[in-house]
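What you see is a predicted model, and the numbers here were worked out from it, not measured in a lab. Note: hydrogens, waters and symmetry copies are ignored here, and every other heavy atom, side chains too, is used.
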Amino acid sequence: DVCYEAIFVAQMGVHARRLLKNKMELLRLVHKEQVPSWFVWQELDQRIKQFPKAEIGNTNDKHIAGFGLYVDILNVDKRIAHLLRQAGPSHELMLQVYKRVPERPGLSGLLDALNN
């Protein structure tokens with residue numbers, strides 16, 4: 001939890017600089033529990049550690065998955081889709097993201113989902 005808090009604080013520092021705001025003021029106003037995409041990222045980050053080997057695609061998809069709450073269709077690899085499916089029954093936000101992943105994997109599944 002301490003590591004996740006440190007990551008969140010560091011990210012808020014980046015956002016504060018980009019928004020030309022005071023970092024401490026932003027941290028007083030925004031808590032990680034208020035940011036749904038943060039919850040998705042953190043949940044995937046915790047679950048991805050169960051895999052024996054890290055893959056660069058997982059790292060990218062873990063960050064992309066946070067946007068799954070704000071798009072109609074989300075294309076992720078099968079390992080991330082598996083983690084979303086695992087987390088779905090116990091976390092409504094994770095289920096929302098999982099429902100946006102096409103049923104069929106790959107580009108053909110993405111194209112089918114976009115056409116429907």
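- Within a 6.0 Å radius of CG in D72, no more than 12 heavy atoms belonging to other residues, nucleotides or ligands are found.
- Open room surrounds CD on E103; 12 or fewer heavy atoms of other groups in view lie less than 6.0 Å from it.
- Residues I80 and I48 are in side-chain contact: their nearest non-hydrogen atoms beyond the backbone lie under 4.5 Å apart.
- Looking at H15 and R18, their side chains never bring a donor and an acceptor atom within 3.5 Å of each other.
- With hydrogens and angles disregarded, no donor-acceptor distance shorter than 3.5 Å links the side chain of R104 to the backbone of D112.
- Contact check on D45 versus K62 returns a salt bridge, with a Lys/Arg side-chain nitrogen under 4.0 Å from an Asp/Glu carboxylate oxygen.
- Proximity of P89 to L95: side-chain heavy atoms (C-beta onward) are nowhere separated by under 4.5 Å.
- Inter-residue side-chain proximity for L83 and Q50 is flagged as met; some heavy-atom pair is nearer than 4.5 Å.
- Note that CG of L26 is 11.5 Å distant from CD of Q11, once rounded to the nearest 0.5 Å.
- Taking the side chain as every heavy atom from C-beta outward, V9 and K23 approach each other to under 4.5 Å.
- For the pair R47 and E43, the salt-bridge criterion is met [side-chain N within less than 4.0 Å of a carboxylate O].
- Between W38 and F8, the ring planes are perpendicular. Angles over 60° get that label, and only those under 30° would be called parallel.
- Counting heavy atoms from C-beta on, the side chains of M94 and L44 come closer than 4.5 Å.
- Using a 4.5 Å heavy-atom threshold, the side chains of L74 and V76 count as touching.
- A pairwise comparison of heavy atoms in L69 and P36 identifies CD1-CB, 3.5 Å as the closest pair.
- Counting heavy atoms from C-beta on, the side chains of K78 and H82 never come closer than 4.5 Å.
- Here the side chains of E33 and F39 are not in contact, with every heavy-atom distance at 4.5 Å or above.
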